[in-house]
A.B. asks: 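Structure provided below as structure tokens; questions to follow.
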Amino acid sequence: MTALLEVAGLRKSYGDRVVLDDVSLTVQPHDVICLIGSSGSGKSTLLRCLNLLEEIDDGVIAFEGREISDPRVDPRAVRSRIGMVFQAYNLFPHLTVLENCTLAPRLVHGVSRADAESRARELLGRFGLAEHATKHPDRLSGGQQQRAALVRALCTSPTLLLLDEITAALDPELVGEVLSIVRAEAEAGTTMVIATHEMAFARDVATSVCFLDRGRILEQGPPAQIFRAPEQERTRQFLRRVLPGGGE
Amino acid sequence: MSEWSPSPRELERRGIRRSLRTRSILVATLAMIAVFALLVIGLVSSPGWDRVQDTFFNWHHARESFPDIWDYFWVNVKIFLIAEPLILVVGLAVALARQARAAILTPLRVLAVAYTDVLRGIPTVLLILLMGFGVPALQLQGVTNSALVWATVALVLSYSAYVAEVFRAGIESIHPSQLASAEALGLSRAQTMRHVVVPQAVRRVVPPLLNDFVSLQKDTALVSLVGVLDAVFAARDYGNYNFNYTPLVVVAGFFVVITIPLARLCDWLQRRMVEKERAGSR
């Protein structure tokens, strides 16, 4: 089985500040990789490098067996295969939910309006947003908006889904409704790389957990190992702080 | 982390980026040359070109009329240097009057609405003609009869109406949450406007404001219609006397040269604002 995404020796800096340092990561089809670590550890930047929103300073990113970190690669071709959901939803406020969801299928993938709408409506219905399809995003609650953003990303049937702390702006009650969708997608076999602060969620859905600290992947392994028996002292420290009950 | 040095792959990539950049510069240059060559060829090969060149692009007449135009162009410069600050003040005042919510200020609000509706509706040319000829004809005591002054007043009144609407758009674009947080801190409506809303609004509307000012700089040419001796008047005078329109092209050149710095200032301000307020929020 060839890897869907292969990152080797990735480095990214803003001026003197090194944000990612020698990061290597392999994502197999149907993997759910959870990136954990404190704010500023480089999780978001890593995700943004993966779909070429940021130009990298060194290393190689290969997607579907082809190097996409080559400057000659058309980033739009890559992004049309990778979906991304942001912390602040980033829905287009001037379009209805349905229009948000059909924009990329119609403009980028050449799907007819009717087909795009029927697919979007089906997904919106599955995520409990059927009656909100013709509303504008600002009319919805945070949880509904984030679910709409997930539908927007899924409408193009991406082979890889990047989720950037998608529950960080939601109150605890709404977190559940968003995560249950992500969990369903994970079970359906969608390949995902997820930056998250939700440790319980990571423990449940991840096939592999990466702990990032100051731009490096300090430790990676199956959730059982990372959460129960972390090898690094730094990881233990972090988990003690974020897990109620002192890390186990 | 200082021990990092670019990998061979990264160095290769930099080479590729460089050559891609070189190629796009090359394409840009060739496209520019092609487009301008076509434009010039199209112009020069038109049937009446010789005639046009003689009446509009005559080097001799350009040189002859230049000193006069140069002298009188200062009239245009003076008009907009005086008018611009006045327009800013009047425009902002009208915009704020329109935002007033206190019951006692209702007449002010109605006046502001009426002012923008009427003054924006009248073509600037007509307003200059009406005021430049009309006000002196009133023979009022104690006020000047200078057509120059009244034409400038007409410009100020007309542009203030536009600028007021630009300010209003800026004020209304400030998110209600800003008002809410100012009110929650106990600020009065006037304080909220003065310290929270207007500073943000002004920053946002700088580009359209400068756009209006570029437009104003050009419209100072209209004062020649009421007999004010400015650069356009001088050019037309020369043209009528010598049967040659080259001076008009010369004046056009003056206006272009004077508006370019303002346009660049506008771009620069805009870029600086984006860098300062939106850093990393992509």
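Here is the naming used below: chain letters follow the sequence lines, and residue numbers restart at 1 for every chain.
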A.B. asks: Under 4.5 Å, counting heavy-atom pairs only, tell me which of A:Ala88, A:Ser69, A:Ser13, A:Gly215 racks up the most with chain B.
C.D. replies: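 Most heavy-atom pairs under 4.5 Å with chain B: A:Ser69.
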A.B. asks: Could you tell me whether a side-chain N or O of B:Gln217 sits under 3.5 Å from a main-chain N or O of B:Phe80, the two making a donor and an acceptor?
C.D. replies: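 Such a contact is absent between B:Gln217 side chain and B:Phe80 backbone.
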A.B. asks: Going by residue number, which parts of residues 10-36 of chain B are within reach of chain A, meaning a heavy-atom gap below 4.5 Å?
C.D. replies: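 Only B:Glu10, B:Arg13, B:Arg14, B:Ile16, B:Arg17, B:Leu20 of residues 10-36 of chain B have a heavy atom under 4.5 Å from chain A.
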A.B. asks: Is B:Arg98 salt-bridged to B:Glu165, going by a charged N under 4.0 Å from an acidic O?
C.D. replies: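 Salt bridge flag = yes for B:Glu165 with B:Arg98.
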A.B. asks: For A:Glu55, is it the side chain, the backbone, both, or neither that has a heavy atom closer than 4.5 Å to a heavy atom of chain B?
C.D. replies: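 Side chain only.
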A.B. asks: Any cation-pi pair here, A:Arg152 with A:Phe92, using under 6.0 Å and within 45°?
C.D. replies: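 Because its charged atom sits under 6.0 Å from the ring centre and within 45° of the axis, A:Arg152 does stack over A:Phe92.
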A.B. asks: Show your reasoning for whether side chain to side chain donor-acceptor pair (under 3.5 Å) applies to A:Glu54 and A:Thr45.
C.D. replies: CA-CA 8 Å; A:Glu54 304 282 350; A:Thr45 309; over 6 Å; no
A.B. asks: Mind checking whether A:Glu67 and A:Val73 have side chains closer than 4.5 Å, heavy atoms only?
C.D. replies: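 No; the side chains remain at least 4.5 Å from each other.
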A.B. asks: For chain B, which of A:Asp57, A:Val60, A:Ile56, A:Asp16 has the most heavy-atom pairs under 4.5 Å?
C.D. replies: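 Of A:Asp57, A:Val60, A:Ile56, A:Asp16, A:Asp57 has the most heavy-atom pairs under 4.5 Å with chain B.
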A.B. asks: Do B:Arg203 and B:Gln200 have side-chain atoms, one donor and one acceptor, less than 3.5 Å apart?
C.D. replies: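 Short answer, no.
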A.B. asks: Should the pair A:Asp74-A:Arg76 be classified as a salt bridge under the 4.0 Å nitrogen-to-oxygen rule?
C.D. replies: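 No, A:Asp74 and A:Arg76 are not salt-bridged.
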